Amino acid sequence: MKPSTDRTRPEGGRRLRIGIGGMAIESSQFCPHRSVYDDFRITRDGALLDRYTWTGPEDELAALVEWVPLVHAVALPGGPVERTSYDRIKAELTGRIAESGPLDGLVYDIHGAMSVVGLEDAEADLTDAVRAATGPDTLISAAMDLHGNVSRRFADHLDLLTAHRLAPHEDAWETRERAARKLVGRLVSGKGRPHRAWVQIPVLLPGEKTSTRLEPAASLYGRLASVEALDGIVDAALWVGYAWADEERCRAAVVVTGDDPARALAEAASLARAYWDARRDFVFVGPTGDADSCIARAVASPARPFLISDSGDNPTAGGAGDLAYLLGRLLANEELASGRVTVLHPGITDPEAVAACFDAGVGAEVTLAVGGQVSAGTGPHAEPYALTGTVTSLDGAAAPEPGTPRGNPAYDGGGRTAAVTRGGVTVVLTERRKPFHTRADFGALDPLRYDLVAVKIGYLEPELYAMAADWLLALTPGGVDQDLLRLGHHKVRRPLYPFDDEGFEDPDLTPVLLA
């Protein structure tokens, strides 16, 4: 649907009015954690515009666009969002849209893998409400994570949608900028809503098998820029989907956006077929094994530091972050338990254990029931671990009072942390769920001083990747277990690879044109 000309061209000195807002979280439905309002970092007004480099007065877009900050909410990945928290954020976003006056466009900054208690397709529900608030003439451009899910109901309400092209997501901010600049281009040109060729692919793989560091993802994602450059094409995007939700929408998808509908359909079909044909070629981004074999290989290796990913409890994929399973396996290794080899293991979320360590002080011996604050009862791997050790480090300020908005732990440091050492094993306990992706995340502890570093993560983020002399991906249990077949999906639409393989008939990969 094409907006009227006077709303797409900045004539007579009038700049385009483009809103910015959204809600972003990755939610594992196999994780017992529940995400609530206080887990979100809420940004409004000038602070929201300050998130982006292209909204400032020095950018060339400033002469064309009046940016209208709405509200943006982002949280560390976790379990499904509580319905009341979701409804509160949705109400503010749609309310601010309604209060903002007519918008020529909206930069919709989301993730794509949000789950909400009681909803089957959270992004579609949110987008239904956003479209109702903007009205039909506002062009909406969505910037997404490639691990999002793209249902037809969701895509129907969007005019442009694009996703990251790198995993790890070193192009996350570039993706947002691409979504914004393409939106401005459409509005200035007066071309209005382009065609979108949409198709889902019956493949659902974990991110650790679809890293663009390796083939076939490297080539598949490498094609997108060349498709985008074709005459009549505006954008090309490929989503691998989110493997730790259990909904019909969970599967890979392609959207090719363009003014030439025939070309958009042809390119979408070609990308979808290439992804399907490569489904068995995807492999883990690093060598794998169970916890004990990975530990034994790391201990025996001369490479230092040797990193191990505790992938099943990765909080940045949606894991609870409170499992002490790997801690138990580390201490079951004689070389580590004796102290002949050292390992740093961040970070198990356990506010009660952290408080006990702060009460005891550095140098004190403590006996703790570590982990299982949220996950206990979900399986033998989720029970607390009885740990006796010495408090060797304390870091951070006290946690806020209950109910105090505290933002996203990915931004505020995760509260207080305590390190406890037993033998050669030093475990970092965190007050709140916290990723350890950069050297700064470790605080006063220097990971380079340890033989091994065992982190709750999947594929290594760039700083960890550069730090590692060698690396193994431990296929540990948890809410983001890499072994999808043992998680118990039952709502995904079948047949679906890898849940179905032998005898799986050639799927219909004909794209649908969303006009």
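Since this is a predicted model, take the numbers as computed values, not measurements.
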Novice: For Leu327 and Val425: C-alpha separation, side-chain torsions, deciding distance, then whether side-chain contact (heavy atoms from CB on, under 4.5 Å) applies.
Specialist: CA-CA 8 Å; Leu327 173 63; Val425 179; 3.9 Å; yes
Novice: Looking only at atom types and distance, does a side-chain atom of Tyr275 sit under 3.5 Å from a main-chain N or O of Ile201, one as donor and one as acceptor?
Specialist: no
Novice: Say whether, by atom type as modelled, one donor and one acceptor occur between the side chain of Arg196 and the main chain of Ala264 under 3.5 angstrom.
Specialist: no
Novice: If I compare all heavy atoms of Pro315 with all of Arg433, which pair ends up nearest, and what's the gap?
Specialist: O-NH2, 3.4 Å
Novice: For Asn333 and Leu330, indicate whether the former's side chain and the latter's backbone hold a donor-acceptor pair under 3.5 Å.
Specialist: no
Novice: Donor-acceptor pair, distance only, cut-off 3.5 Å: does the side chain of Ser28 make one with the backbone of Gly479?
Specialist: yes
Novice: Go through it in stages, so that I can follow the logic: the residues are Arg439 and Glu463, the test is salt bridge (Lys or Arg N to Asp or Glu O under 4.0 Å), and I'd like the CA-CA distance, side-chain angles, deciding distance and then a yes or no.
Specialist: CA-CA 7 Å; Arg439 174 63 187 82; Glu463 284 195 34; over 6 Å; no
Novice: State, yes or no, whether a side-chain contact exists between Asp350 and Thr430 at a heavy-atom distance under 4.5 Å.
Specialist: no
Novice: Which heavy atom in Val81 sits nearest to a heavy atom in Met23, and how many Å separate them?
Specialist: CG1-CE, 4.4 Å
Novice: Identify the heavy atoms of Leu485 and Pro498 that sit nearest to each other, and give their distance.
Specialist: CD2-O, 4.0 Å
Novice: Would you mind reporting whether Arg249 and Glu120 have side-chain heavy atoms less than 4.5 Å apart?
Specialist: no
Novice: Taking 4.0 angstrom as the limit, do Asp501 and Arg280 come out as a salt bridge?
Specialist: yes
Novice: Taking the side chain as C-beta and beyond, is there a heavy-atom pair between Thr426 and Val343 under 4.5 Å?
Specialist: no
Novice: Tell me, do Arg51 and Asp109 make a side-chain contact under 4.5 Å, heavy atoms counted?
Specialist: yes
Novice: Would Lys434 and Phe436 count as a cation-pi pair here, with the cationic atom under 6.0 angstrom from the ring centre and within 45° of the axis?
Specialist: yes
Novice: Between Asp470 and Arg297, is there a salt bridge with N-O shorter than 4.0 Å?
Specialist: no
Novice: With salt bridge (Lys or Arg N to Asp or Glu O under 4.0 Å) as the test, would you mind laying out the steps for Glu335 and Arg340 before giving the verdict?
Specialist: CA-CA 5 Å; Glu335 294 296 297; Arg340 290 189 291 271; 2.9 Å; yes
Novice: Could you check Val240 against His147 for side-chain contact (heavy atoms from CB on, under 4.5 Å), going step by step and ending with a plain yes or no?
Specialist: CA-CA 6 Å; Val240 303; His147 297 121; 3.3 Å; yes
Novice: Do Leu307 and Leu464 have side chains that approach each other closer than 4.5 Å (heavy atoms only, starting at C-beta)?
Specialist: yes
Novice: Let me confirm one number: the SG-CH2 distance from Cys250 to Trp244, rounded to the nearest 0.5 Å.
Specialist: 11.5 Å
Novice: Does any part of the side chain of Leu452, heavy atoms only, come nearer than 4.5 Å to the side chain of Ile308, both counted from C-beta?
Specialist: yes
Novice: Between the main-chain N or O of Asp121 and the side-chain N or O of Asp125, is there a donor-acceptor pair closer than 3.5 Å?
Specialist: no
Novice: Just to verify, what does Asp313 make a side chain to side chain contact (heavy atoms under 4.5 Å, CB included) with, not counting sequence neighbours?
Specialist: Asp310, Ala320, Leu323, Lys456
Novice: If you apply the rule side-chain hydrogen bond (donor to acceptor under 3.5 Å, both in side chains), what do you find for Asp290 with Ser293, and how did you get there?
Specialist: CA-CA 6 Å; Asp290 62 22; Ser293 67; 2.9 Å; yes
Novice: Please determine whether side-chain contact (heavy atoms from CB on, under 4.5 Å) holds for the pair Ile20 and Thr55, giving the CA-CA distance in whole Å, both sets of side-chain angles, and the decisive distance to 0.1 Å.
Specialist: CA-CA 10 Å; Ile20 303 177; Thr55 55; 3.7 Å; yes
Novice: Would you mind checking if Lys491 and Glu247 are paired as a salt bridge, meaning a charged N to carboxylate O distance below 4.0 Å?
Specialist: no
Novice: Would you check, one step at a time, whether the test side-chain contact (heavy atoms from CB on, under 4.5 Å) holds for Arg178 with Asp235?
Specialist: CA-CA 9 Å; Arg178 182 168 67 249; Asp235 188 84; 3.5 Å; yes
Novice: Is the backbone N or O of Met114 less than 3.5 Å from a side-chain atom of Ser27, with the two atoms forming a donor-acceptor pair by type?
Specialist: no
Novice: If we only count heavy atoms from C-beta on, is the Gln200 to Arg493 side-chain gap below 4.5 Å?
Specialist: yes
Novice: Check whether Glu123 reaches the backbone of Asn149 with its side chain - one donor and one acceptor, N or O, closer than 3.5 Å.
Specialist: no
Novice: Could you walk me through whether Asp481 and Arg486 satisfy the salt bridge (Lys or Arg N to Asp or Glu O under 4.0 Å) test, starting with their C-alpha distance in whole Å, then the side-chain angles of each, then the deciding distance to 0.1 Å, before giving a yes or no?
Specialist: CA-CA 8 Å; Asp481 194 329; Arg486 68 186 181 189; 2.4 Å; yes
Novice: Under a 3.5 Å distance rule, please check whether His164 uses its side chain to pair with a backbone N or O of Leu166 as donor and acceptor.
Specialist: no
Novice: Of all heavy-atom pairs between Leu496 and Val203, which one has the smallest distance, and what is that distance?
Specialist: CD1-N, 3.5 Å
Novice: Mind checking whether Leu344 and Asp446 have side chains closer than 4.5 Å, heavy atoms only?
Specialist: no
Novice: Given the ring of Trp276, does Arg279 sit roughly above its face, with NZ or CZ under 6.0 Å from the centre of the six-membered ring and within 45° of the axis?
Specialist: yes
Novice: Taking atom CZ of Arg449 as the centre, does the number of heavy atoms from other residues, nucleotides or ligands within less than 6.0 Å exceed 12?
Specialist: no
Novice: Looking only at atom types and distance, does a side-chain atom of Thr127 sit under 3.5 Å from a main-chain N or O of Phe154, one as donor and one as acceptor?
Specialist: no
Novice: Can you tell me how far the CG atom of Leu205 sits from the CZ atom of Arg251, to the nearest 0.5 Å?
Specialist: 12.0 Å
Novice: Supply the atom-to-atom distance Thr53 OG1 to Arg176 CZ, rounded to the nearest 0.5 angstrom.
Specialist: 11.0 Å
Novice: Give me the one residue out of Leu368, Thr392, Ile348 that meets side chain to side chain contact (heavy atoms under 4.5 Å, CB included) with Val420.
Specialist: Leu368
Novice: With rounding to the nearest 0.5 angstrom, report the CG to CD1 distance, Leu126 to Ile110.
Specialist: 7.5 Å
Novice: Ala317 and Tyr242: which non-hydrogen atoms are nearest, and at how many Å?
Specialist: O-OH, 2.6 Å
Novice: Roughly how far, to the nearest 0.5 Å, is OG1 of Thr417 from CG of Leu445?
Specialist: 7.0 Å
Novice: For the residue pair Leu160 and Val234, what are the closest heavy atoms and their distance?
Specialist: CD2-CG1, 3.7 Å
Novice: Check the pair Arg165 / Glu228 against salt bridge (Lys or Arg N to Asp or Glu O under 4.0 Å), numbers first and verdict last.
Specialist: CA-CA 12 Å; Arg165 294 173 180 175; Glu228 178 183 74; 3.1 Å; yes
Novice: Take His489 and Phe30 through the ring-ring contact (aromatic ring centres under 6.0 Å, His included) test and state the conclusion after the steps.
Specialist: CA-CA 9 Å; His489 291 75; Phe30 299 97; 4.6 Å; yes
Novice: Counting neighbours of CD on Glu215 that are heavy atoms of other residues, nucleotides or ligands and sit closer than 6.0 Å, is the number greater than 12?
Specialist: yes
Novice: Take Phe282 and Tyr497 through the test ring-ring contact (aromatic ring centres under 6.0 Å, His included) and record every step on the way to the result.
Specialist: CA-CA 12 Å; Phe282 289 97; Tyr497 180 84; 9.0 Å; no
Novice: Test the Lys209-Phe284 pair against the cation-pi criterion, namely NZ or CZ under 6.0 angstrom from the six-membered ring centroid and within 45° of the ring axis.
Specialist: yes
Novice: Check whether Arg34 reaches the backbone of Cys31 with its side chain - one donor and one acceptor, N or O, closer than 3.5 Å.
Specialist: yes
Novice: Per the ring pair (Phe, Tyr, Trp, His ring centres under 6.0 Å) rule, what does the pair list look like for residues 449-488, sequence neighbours excluded?
Specialist: none
